[in-house]
Amino acid sequence: MQSTLLRKGENTVLSTARTVLQMSVQGLSADVSPLLLGADGKVRGDHDLVFYNHPAQDGVSVTDTAVTADLPGLPADVHRVIMVVSADPLQPGAVPTRSPRLSITQSGATSASFTAPDFTVGETVVILAELYRRGDGWKVRAVGQGYASGLARLATDYRVDIDPEPTATPLPAQTRAMAGQSASV
(Lines give C-alpha, C1' and ligand atoms only; values in the text may rest on other atoms or scores of the structure.)
Protein backbone atom coordinates (compact mmCIF):
# COMPACT_ATOMS: atom_id res chain seq x y z
CA MET A 1 0.00 0.00 0.00
CA GLN A 2 1.29 3.44 -0.95
CA SER A 3 1.39 6.40 1.45
CA THR A 4 0.97 10.06 0.52
CA LEU A 5 2.68 12.73 2.60
CA LEU A 6 0.55 15.90 2.52
CA ARG A 7 1.82 19.45 3.06
CA LYS A 8 -0.36 22.29 4.32
CA GLY A 9 -3.00 23.12 1.70
CA GLU A 10 -2.54 19.92 -0.31
CA ASN A 11 -5.32 17.43 -0.88
CA THR A 12 -5.78 13.89 -2.09
CA VAL A 13 -8.69 11.81 -3.33
CA LEU A 14 -10.30 9.33 -0.97
CA SER A 15 -12.12 6.17 -1.95
CA THR A 16 -15.75 6.18 -0.95
CA ALA A 17 -15.20 3.94 2.05
CA ARG A 18 -14.88 4.01 5.80
CA THR A 19 -12.05 6.40 6.65
CA VAL A 20 -10.08 6.49 9.90
CA LEU A 21 -8.23 9.68 10.84
CA GLN A 22 -5.83 9.20 13.73
CA MET A 23 -4.53 12.36 15.44
CA SER A 24 -1.50 12.49 17.71
CA VAL A 25 -0.09 15.33 19.75
CA GLN A 26 3.03 14.76 21.83
CA GLY A 27 3.55 16.47 25.16
CA LEU A 28 -0.08 17.55 25.55
CA SER A 29 -3.38 16.03 26.58
CA ALA A 30 -5.68 16.88 23.67
CA ASP A 31 -9.28 16.36 22.60
CA VAL A 32 -10.36 15.50 19.05
CA SER A 33 -13.65 16.94 17.82
CA PRO A 34 -14.89 16.63 14.25
CA LEU A 35 -17.46 19.16 13.04
CA LEU A 36 -20.00 18.29 10.33
CA LEU A 37 -20.59 21.31 8.08
CA GLY A 38 -23.31 22.13 5.57
CA ALA A 39 -22.99 23.92 2.22
CA ASP A 40 -22.62 27.28 4.03
CA GLY A 41 -19.51 26.09 5.90
CA LYS A 42 -21.36 26.10 9.25
CA VAL A 43 -22.79 23.34 11.42
CA ARG A 44 -26.40 22.40 10.72
CA GLY A 45 -27.02 22.45 14.49
CA ASP A 46 -25.13 22.01 17.75
CA HIS A 47 -25.42 18.21 17.35
CA ASP A 48 -22.84 18.47 14.52
CA LEU A 49 -20.03 18.91 17.07
CA VAL A 50 -18.83 15.36 17.76
CA PHE A 51 -16.75 14.98 20.92
CA TYR A 52 -16.30 12.74 23.98
CA ASN A 53 -19.76 13.62 25.41
CA HIS A 54 -21.46 13.24 21.99
CA PRO A 55 -19.26 10.61 20.31
CA ALA A 56 -21.26 9.94 17.14
CA GLN A 57 -23.37 11.84 14.62
CA ASP A 58 -24.58 10.89 11.13
CA GLY A 59 -21.78 8.46 10.25
CA VAL A 60 -18.93 10.26 12.06
CA SER A 61 -17.65 8.99 15.40
CA VAL A 62 -14.77 9.78 17.73
CA THR A 63 -12.91 7.44 20.08
CA ASP A 64 -10.01 8.96 22.00
CA THR A 65 -7.83 10.44 19.24
CA ALA A 66 -9.38 8.62 16.26
CA VAL A 67 -12.22 9.81 14.04
CA THR A 68 -14.07 7.34 11.86
CA ALA A 69 -16.10 8.68 8.94
CA ASP A 70 -18.44 6.40 7.00
CA LEU A 71 -18.27 8.49 3.81
CA PRO A 72 -21.10 6.72 1.94
CA GLY A 73 -23.30 7.04 5.04
CA LEU A 74 -22.93 10.81 5.49
CA PRO A 75 -26.15 12.73 4.80
CA ALA A 76 -26.22 14.66 1.51
CA ASP A 77 -26.41 17.99 3.39
CA VAL A 78 -23.01 17.35 5.04
CA HIS A 79 -20.48 18.89 2.65
CA ARG A 80 -17.39 18.96 4.88
CA VAL A 81 -16.10 17.37 8.06
CA ILE A 82 -13.30 19.26 9.80
CA MET A 83 -10.93 17.62 12.27
CA VAL A 84 -10.27 19.80 15.33
CA VAL A 85 -7.61 19.09 17.94
CA SER A 86 -7.78 21.18 21.11
CA ALA A 87 -5.73 21.36 24.28
CA ASP A 88 -7.49 19.71 27.19
CA PRO A 89 -9.44 22.50 28.96
CA LEU A 90 -8.42 20.98 32.30
CA GLN A 91 -4.86 22.07 31.48
CA PRO A 92 -5.25 25.88 31.38
CA GLY A 93 -2.54 27.57 29.36
CA ALA A 94 -1.52 24.32 27.67
CA VAL A 95 -0.32 24.68 24.10
CA PRO A 96 1.10 22.10 21.70
CA THR A 97 4.86 21.78 22.14
CA ARG A 98 5.12 19.70 18.96
CA SER A 99 3.06 19.89 15.81
CA PRO A 100 -0.04 17.66 15.70
CA ARG A 101 0.17 14.74 13.28
CA LEU A 102 -2.62 13.10 11.29
CA SER A 103 -2.69 9.63 9.71
CA ILE A 104 -5.50 8.79 7.28
CA THR A 105 -6.29 5.19 6.39
CA GLN A 106 -8.88 3.45 4.25
CA SER A 107 -9.18 -0.29 3.78
CA GLY A 108 -7.33 -1.36 0.65
CA ALA A 109 -6.54 2.21 -0.42
CA THR A 110 -3.62 4.61 -0.32
CA SER A 111 -2.94 6.05 3.13
CA ALA A 112 -1.97 9.65 3.77
CA SER A 113 -0.38 11.64 6.57
CA PHE A 114 0.06 15.28 7.50
CA THR A 115 2.11 17.01 10.16
CA ALA A 116 0.92 20.54 10.87
CA PRO A 117 3.48 23.35 10.85
CA ASP A 118 4.86 24.59 14.14
CA PHE A 119 2.63 27.07 15.92
CA THR A 120 4.22 30.13 17.46
CA VAL A 121 1.49 32.36 18.95
CA GLY A 122 0.02 30.16 21.68
CA GLU A 123 -2.54 28.26 19.62
CA THR A 124 -4.69 25.96 21.77
CA VAL A 125 -6.94 24.72 18.96
CA VAL A 126 -5.96 23.43 15.51
CA ILE A 127 -8.05 22.54 12.48
CA LEU A 128 -5.85 19.72 11.30
CA ALA A 129 -7.69 18.62 8.15
CA GLU A 130 -11.00 18.53 6.36
CA LEU A 131 -12.87 15.90 4.43
CA TYR A 132 -14.93 17.47 1.66
CA ARG A 133 -17.20 16.44 -1.17
CA ARG A 134 -15.88 16.78 -4.69
CA GLY A 135 -18.43 15.72 -7.31
CA ASP A 136 -19.62 12.25 -6.32
CA GLY A 137 -16.49 11.56 -4.26
CA TRP A 138 -14.54 12.78 -1.28
CA LYS A 139 -11.14 14.37 -0.77
CA VAL A 140 -9.05 15.23 2.27
CA ARG A 141 -7.18 18.54 2.59
CA ALA A 142 -4.34 19.24 5.03
CA VAL A 143 -5.33 22.48 6.80
CA GLY A 144 -3.10 23.15 9.84
CA GLN A 145 -4.88 26.34 10.95
CA GLY A 146 -4.30 27.25 14.60
CA TYR A 147 -6.51 29.33 16.90
CA ALA A 148 -4.80 31.24 19.71
CA SER A 149 -8.24 32.51 20.78
CA GLY A 150 -9.34 29.02 21.77
CA LEU A 151 -12.27 26.72 21.23
CA ALA A 152 -14.86 29.44 21.89
CA ARG A 153 -13.67 31.42 18.86
CA LEU A 154 -13.64 28.33 16.65
CA ALA A 155 -17.18 27.52 17.81
CA THR A 156 -18.30 31.06 16.94
CA ASP A 157 -16.74 30.81 13.47
CA TYR A 158 -18.67 27.61 12.74
CA ARG A 159 -21.88 28.65 14.56
CA VAL A 160 -21.72 26.09 17.38
CA ASP A 161 -23.43 27.21 20.57
CA ILE A 162 -21.24 26.03 23.42
CA ASP A 163 -22.85 26.15 26.84
CA PRO A 164 -20.85 28.46 29.09
CA GLU A 165 -19.28 27.11 32.26
CA PRO A 166 -21.91 27.06 34.99
CA THR A 167 -21.47 29.92 37.41
CA ALA A 168 -22.02 29.54 41.11
CA THR A 169 -25.22 31.16 42.28
CA PRO A 170 -24.52 33.07 45.49
CA LEU A 171 -26.46 31.92 48.52
CA PRO A 172 -28.82 34.44 50.12
CA ALA A 173 -26.99 36.52 52.76
CA GLN A 174 -28.88 35.08 55.74
CA THR A 175 -27.73 31.48 54.99
CA ARG A 176 -24.06 32.17 54.22
CA ALA A 177 -21.42 31.08 56.71
CA MET A 178 -17.84 32.31 56.67
CA ALA A 179 -15.13 29.71 56.38
CA GLY A 180 -14.23 28.32 59.77
CA GLN A 181 -17.38 29.77 61.46
CA SER A 182 -20.72 28.15 61.98
CA ALA A 183 -23.91 29.99 61.16
CA SER A 184 -25.82 31.21 64.14
CA VAL A 185 -29.57 31.49 64.41
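FYI, the numbering just counts along the sequence from 1. All values reported here derive from a predicted model rather than from experimental measurement.
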Table please: side-chain donor-acceptor pairs of residues 127-135 below 3.5 Å, with sequence neighbours left out.
{"unit_1": "Glu130", "atom_1": "OE1", "unit_2": "Arg80", "atom_2": "NE", "d": "2.8"}
{"unit_1": "Glu130", "atom_1": "OE1", "unit_2": "Arg80", "atom_2": "NH2", "d": "3.3"}
{"unit_1": "Glu130", "atom_1": "OE2", "unit_2": "Arg141", "atom_2": "NE", "d": "2.6"}
{"unit_1": "Glu130", "atom_1": "OE2", "unit_2": "Arg141", "atom_2": "NH2", "d": "3.1"}
{"unit_1": "Tyr132", "atom_1": "OH", "unit_2": "Asn11", "atom_2": "ND2", "d": "3.1"}
{"unit_1": "Arg133", "atom_1": "NE", "unit_2": "Val78", "atom_2": "O", "d": "2.7"}
{"unit_1": "Arg133", "atom_1": "NH2", "unit_2": "Leu74", "atom_2": "O", "d": "3.3"}
{"unit_1": "Arg133", "atom_1": "NH2", "unit_2": "Pro75", "atom_2": "O", "d": "2.8"}
{"unit_1": "Arg133", "atom_1": "NH2", "unit_2": "Val78", "atom_2": "O", "d": "3.3"}

CG of Leu151 to CG of Asp31, rounded to nearest 0.5 Å, is 8.5 Å
Output all residues satisfying side chain to side chain donor-acceptor pair (under 3.5 Å) with His47, sequence neighbours left out; order by chain, then residue number.
none
Mind checking salt bridge (Lys or Arg N to Asp or Glu O under 4.0 Å) for Asp40 and listing every partner two or more places apart, or none if nothing turns up?
Arg159
Set of side chain to side chain donor-acceptor pair (under 3.5 Å) partners for Thr12, sequence neighbours left out
none
Who passes side chain to side chain donor-acceptor pair (under 3.5 Å) against Ser33, sequence neighbours left out?
none
Would you indicate whether Asp136, at its atom CG, is surrounded by more than 12 heavy atoms from other residues, nucleotides or ligands within a distance under 6.0 Å?
no
So Arg101 and Thr115, side chain to side chain donor-acceptor pair (under 3.5 Å) or not? Walk me through it.
CA-CA 4 Å; Arg101 180 170 166 73; Thr115 300; 3.2 Å; yes
Backbone of Leu14 reached by a side-chain donor or acceptor of Thr16 within 3.5 Å
no
If every non-hydrogen atom of Thr105 is compared with every non-hydrogen atom of Ser111, which pair is closest and at what distance?
CG2-CB, 4.2 Å
Taken in chain and number order and not counting sequence neighbours, the residues that satisfy side-chain contact (heavy atoms from CB on, under 4.5 Å) with Thr156 are none
Is Lys8 reaching over with its side chain to a backbone N or O of Phe114, donor-acceptor style, under 3.5 angstrom?
no
Ala152: what forms a side-chain contact (heavy atoms from CB on, under 4.5 Å) with it, not counting sequence neighbours?
none
Run the numbers on Tyr147 and Asp157 for side chain to side chain contact (heavy atoms under 4.5 Å, CB included), then give the verdict.
CA-CA 11 Å; Tyr147 278 74; Asp157 286 355; 2.9 Å; yes
Sorted by chain and number, sequence neighbours left out, salt bridge (Lys or Arg N to Asp or Glu O under 4.0 Å) with Asp46 holds for none
Taking Gln106 for its side chain and Ser15 for its backbone only, find out whether a donor-acceptor pair lies under 3.5 Å.
yes
If the condition is side chain to side chain donor-acceptor pair (under 3.5 Å), which residues does Arg18 pass it with, not counting sequence neighbours?
none
In short, side-chain hydrogen bond (donor to acceptor under 3.5 Å, both in side chains) pairs touching residues 64-74 with sequence neighbours left out are Gln22-Thr65
